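See structure below.
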Protein chains: 2
Amino acid sequence: MATRKSKSKSKAKCCAETPLNLDGVSDGELLARLAKAVAHPARVTILRMLIERDSCVCGEIVGELPLAQSTVSQHLKILKESGLVQGDIDGPKVCYCVNKPMLKMLQTLVAGLK
Amino acid sequence: MATRKSKSKSKAKCCAETPLNLDGVSDGELLARLAKAVAHPARVTILRMLIERDSCVCGEIVGELPLAQSTVSQHLKILKESGLVQGDIDGPKVCYCVNKPMLKMLQTLVAGLK
DNA sequence: AATGTCCATCGTCGATCAACGATGAGAGGA
DNA sequence: TCCTCTCATCGTTGATCGACGATGGACATT
C-alpha cells in the first residue's frame with residue numbers, strides 16, 4: 001500500500017465523527033475542562049496546526065515542536081481526552097484531527113461569558 | 001478625589017481600567033494563559049458571578065462557593081494575575097470586577113480557532 | 001485605644017502536570 | 001522471517017495546583 005501514505009485523500013477527514021456525549025456535566029465544568037485542555041502553549045500550537053491542515057499525522061506535529069515524541073504524545077492524549085481532538089489509526093501512522101462540534105462548543109461557552 | 005468611600009454602594013464600577021500591557025507574549029501563549037485561568041470550575045463560577053453583577057465584593061463570592069475564604073482568595077489571585085479580573089480596595093472590603101478588554105481578548109482568541 | 005470585620009498571605013500536604021528516556025506493540029518493507 | 005518506522009505507554013523527577021487552617025494587616029466602629 002505505498003499509495004496509502006501520501007495519497008489517502010489529500011484533505012481527507014480521517015476521523016469518524018464522535019457524537020460527543022456529555023453526561024451529567026454542567027456547562028461550567030465543561031468550560032473548565034475544555035479550557036484546561038487549551039491551557040498550554042504546546043497544545044494551542046497543536047490545535048492550531050490541526051485546524052490549519054484539516055488533519056495531521058502525529059509525526060508532523062512532533063517535527064514542528066521542540067519537544068520529545070513522548071511529550072507530544074502526552075499532549076495529544078490530553079487533547080483527545082478533552083474531546084477536542086480525535087485520532088484514527090492509519091496503517092503505522094496515526095491521523096489526528098479536530099472534533100469540530102467540540103471546538104464549537106468551547107467557542108460558544110467562551111462567547112457566552114458576557 | 002472626594003467620595004471614594006464606602007458610599008459607592010450602587011452598581012458602581014469600582015475598578016479603574018487597566019491598559020493590559022502584553023509585552024513579548026505570543027498570542028498562543030496568551031491564549032494558554034487565559035485558558036489556564038478559566039480552567040477550574042470555581043473560577044468559571046467566579047467569573048460568571050462577576051460578569052452577572054457588574055462588580056462584586058469578595059465576601060459575596062465566598063458566601064456562594066463551598067470553599068474556604070483562603071481558597072477563594074487564591075482563585076481570585078489567579079484570575080487577577082491572568083488579567084481577566086481586577087480588584088480595588090474599597091474601605092475594609094475589596095471590590096472585584098471583570099477586565100472587559102481582557103475578556104474580549106480571550107473571546108477573540110478562542111473564536112479565532114478555525 | 002480596643003475591638004471586630006474583611007481580606008491576603010503563609011505554610012503544609014496530597015494530587016496532578018510537564019518533561020524526558022526507555023520500552024513495547026503494530027504495520028509494512030527488506 | 002527480520003527489520004524499520006511510527007506511535008503509545010511506563011516510570012521517574014521536579015514543578016505547580018488545590019485545598020485548608022492559621023496568622024496578620026488595614027479599616028470602621030465602638
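Note on naming: letters A, B, ... go to the chains in the order of the sequence lines (proteins, then strands), and numbering restarts at 1 for each one. Remember, predicted model here, so these are calculated numbers, not experimental data. Side-chain atoms are counted along with the backbone in the values below, which use heavy atoms only and exclude waters and symmetry mates.
Annotation for L65(B) and A42(B): closest pair CD1-O, 4.5 Å, computed over non-hydrogen atoms.
Atom CD in E81(A) sits about 9 Å away from atom P in dT9(D), given to the nearest Å. Between the CD atom of E60(B) and the C1' atom of dT5(C) there is a distance of 15 Å, given to the nearest Å. Residue L79(A) contributes atom CG, which lies 14 Å from atom C1' of dA18(C) at whole-angstrom precision. Between K93(B) atom NZ and dT29(D) atom C1' there is a gap of 13 Å when expressed in whole angstrom units. Per the geometry, CG belonging to L65(A) stands 13 Å off P belonging to dC7(D), to the nearest Å. Per the geometry, CD1 belonging to I78(B) stands 11 Å off C1' belonging to dA19(D), to the nearest Å. Rounded to whole Å, atom C1' of dG18(D) lies 14 Å from atom CG of L76(B). Rounded to whole Å, atom P of dA8(D) lies 13 Å from atom CG of D90(A).
Nearest-nucleotide positions on DNA chain C place Q69(A) closer to the 5' end than the other of Q69(A) and P92(A). Each of S70(B) and H75(A) lies near DNA chain C, and the nucleotide nearest S70(B) is the one positioned closer to the 5' end.
Counting non-hydrogen atoms under 4.0 angstrom, L67(B) reaches the backbone sugars and phosphates but no base. Looking at heavy-atom distances under 4.0 Å, I89(A) makes no contact with the nucleic acid at all.
Checked by atom type and distance alone, the side chain of Q107(B) pairs as donor or acceptor with a backbone atom of L113(A) at under 3.5 Å. With hydrogens and angles disregarded, no donor-acceptor distance shorter than 3.5 Å links the side chain of T71(A) to the backbone of L67(A).
For residues 34-46 of chain B, proximity to DNA chain D is found at K36(B), H40(B), R43(B), defined as any non-hydrogen atom under 4.0 angstrom from a strand atom.
Between T71(A) and dA19(C) there is no side-chain N or O to OP1 or OP2 distance below 4.0 Å.
The residues E64(A) and R48(A) are annotated as not salt-bridged, no charged nitrogen and carboxylate oxygen being separated by less than 4.0 angstrom. Between E81(A) and R33(A) there is no salt bridge, since no side-chain N of the basic residue sits under 4.0 Å from a carboxylate O of the acidic one.
At a threshold of 4.5 Å between non-hydrogen side-chain atoms, the residues S82(B) and I78(B) do not count as touching.
Atoms NE2 and OG, from H75(B) and S70(B) in turn, are 10.0 Å apart once rounded to the nearest 0.5 Å.
Taking only distance into account, the side chain of Q74(B) never meets the base of dA8(C) through a donor-acceptor pair shorter than 3.5 Å.
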